[in-house]
Amino acid sequence: MTTSEGLSTIHDAFVIERTYLTPIERVFRAFADANMKRRWFVEGDGHDVELFEMDFRVGGFERFQYRFKNGTPFEGVAVANEGTYHDIVPDRRIVFTSTMRLGDKRISSALVTVAFLPSDAGTDVVCTHQAAYFDGADGPQIRLLGWRSLFEKLAHALANESE
């Protein structure tokens, strides 16, 4: 959709399914525990974390900001995310909304549902991501790649976590 001022909004949804060879309680804890979530969800080699706050409860929030390091495509630019938890069913479901900014520009708002399902292998995670991307922002393909990368980081975090 494009308006007369040239502003546009792209709406998109995707689903990622991933199996972890880990009990459901540990996978859920990786989303619920602030220290664990910061490690796999926010920290990264290409940026420095400037802020991470999390209040994991219905009505609670999550906020983070990081700044890209020198030598990256967005060198010196800050990425910020603010979200609210709308539904939490321990070991079963988390529903949250989030709005992301790149520098001073708001680039997207999303509704995300993460379902945790017991499986013979351990835990199946189904993430449904529905978003509106604003005015030429990163768009659905980049966000899908980002979430796939996050779930890969989660796999490494779970594999390196002591029981």
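As the structure is a computational prediction, the values presented were derived from the model and not from experiment. In what follows, residues are counted from 1 in the order of the sequence shown.
- Side chains of F52 and R38 form a contact here, defined as non-hydrogen atoms less than 4.5 Å apart.
- Cluster membership check: I10 does not share its hydrophobic cluster with L145, using side-chain heavy-atom separations under 4.5 Å among Ile, Leu, Val, Met, Phe, Trp and Tyr.
- Not a single donor-acceptor pair under 3.5 Å links the side chain of S98 to the backbone N or O of N81.
- L21 and L117 end up in different hydrophobic clusters when Ile, Leu, Val, Met, Phe, Trp and Tyr side chains are linked at under 4.5 Å.
- Side-chain contact between M100 and R143 is present, with heavy atoms from C-beta onward closer than 4.5 Å.
- Remark: T84 OG1 to L111 CG distance equals 11.5 Å, nearest 0.5 Å.
- The distance from the NZ atom of K69 to the CG atom of D45 is 6.5 Å, given to the nearest 0.5 Å.
- For the side chain to side chain contact (heavy atoms under 4.5 Å, CB included) criterion with Y133, the lone passing option out of D12, I107, T9, I142 is D12.
- Side-chain atoms of R26 come within 3.5 Å of backbone N or O of L158 as a donor-acceptor pair.
- Scanning all heavy atoms of the two residues, the minimum distance from Q130 to A13 falls at CG-CB, 3.9 Å.
- Between the CG atom of L144 and the CZ atom of R148 there is a distance of 4.0 Å, given to the nearest 0.5 Å.
- Neither L51 nor V79 shares a network with the other; the hydrophobic side chains, linked directly or stepwise wherever heavy atoms of I, L, V, M, F, W or Y lie under 4.5 Å apart, form separate groups for each.
- A side-chain N or O of Y85 and one of E62 form a donor-acceptor pair less than 3.5 Å apart.
- Within the 4.5 Å cutoff, the side chain of S109 has no heavy atoms near those of the T97 side chain.
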- Task: For F31 and L154, run side chain to side chain contact (heavy atoms under 4.5 Å, CB included): C-alpha distance rounded to whole Å, both residues' side-chain angles, the deciding distance at 0.1 Å, then the answer.
- Result: CA-CA 9 Å; F31 284 81; L154 174 57; 3.7 Å; yes

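- Taking the ring centre of F61 as origin, the terminal cationic atom of R63 falls inside the region bounded by 6.0 Å and 45° from the ring axis.
- A donor atom on one side chain and an acceptor atom on the other are not found under 3.5 Å apart for H47 and T72.
- For the residue pair T99 / R106, no side-chain donor-acceptor distance below 3.5 Å is found, with atom types taken as modelled.
- Between F28 and F56, the ring-plane angle classifies as perpendicular under the 30° and 60° cut-offs.
- Between the side chain of D135 and the backbone N or O of S8 there is at least one donor-acceptor pair closer than 3.5 Å.
- The ring-ring contact (aromatic ring centres under 6.0 Å, His included) test with F41 is passed by exactly one of Y66, W147, F151: W147.
- Hydrophobic cluster membership is shared by V112 and L150, with clusters built from Ile, Leu, Val, Met, Phe, Trp and Tyr side chains linked at under 4.5 angstrom.
- Residues R92 and P118 come closest through the heavy atom pair NH1-CD, 4.0 Å.
- The nearest pair of heavy atoms linking P140 to F14 is O-CE2, 4.3 Å.
- Checked by atom type and distance alone, the side chain of T123 pairs as donor or acceptor with a backbone atom of I24 at under 3.5 Å.
- Nearest heavy atoms, M54 versus A32: CE-O, 3.2 Å.
- Using modelled atom types, no side-chain atom of R67 and backbone atom of V77 make a donor-acceptor pair closer than 3.5 Å.
- With values rounded to the nearest 0.5 angstrom, E152 atom CD is found 4.5 Å from R18 atom CZ.
- To the nearest 0.5 Å, atom CZ of residue R101 and atom CZ of residue F134 are 13.0 Å apart.
- Looking at heavy atoms from C-beta onward, F116 lies out of side-chain contact with D91 at the 4.5 angstrom threshold.
- The same ILVMFWY cluster, assembled from side-chain heavy atoms under 4.5 Å apart, contains both V58 and V114.
- A donor-acceptor pair is defined here as one N or O able to donate and one able to accept, closer than 3.5 Å; such a pair exists between the side chain of N160 and the backbone of H156.
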- Message: Show, in sequence, the C-alpha distance, side-chain angles and deciding distance for D87 and R93, and conclude whether the salt bridge (Lys or Arg N to Asp or Glu O under 4.0 Å) test is met.
- Response: CA-CA 7 Å; D87 186 53; R93 180 179 61 238; 2.5 Å; yes

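- Considering NE2 of H11 and OG of S108, their distance stands at 12.0 Å, rounded to 0.5 Å.
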- Task: Assess whether side chain to side chain contact (heavy atoms under 4.5 Å, CB included) is satisfied between Y20 and V125, documenting all intermediate values.
- Result: CA-CA 8 Å; Y20 296 98; V125 173; 3.7 Å; yes

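- Proximity of D124 to E17: side-chain heavy atoms (C-beta onward) are nowhere separated by under 4.5 Å.
- Without hydrogens or angle criteria, K153 side chain to E43 main chain gives a donor-acceptor distance under 3.5 Å.
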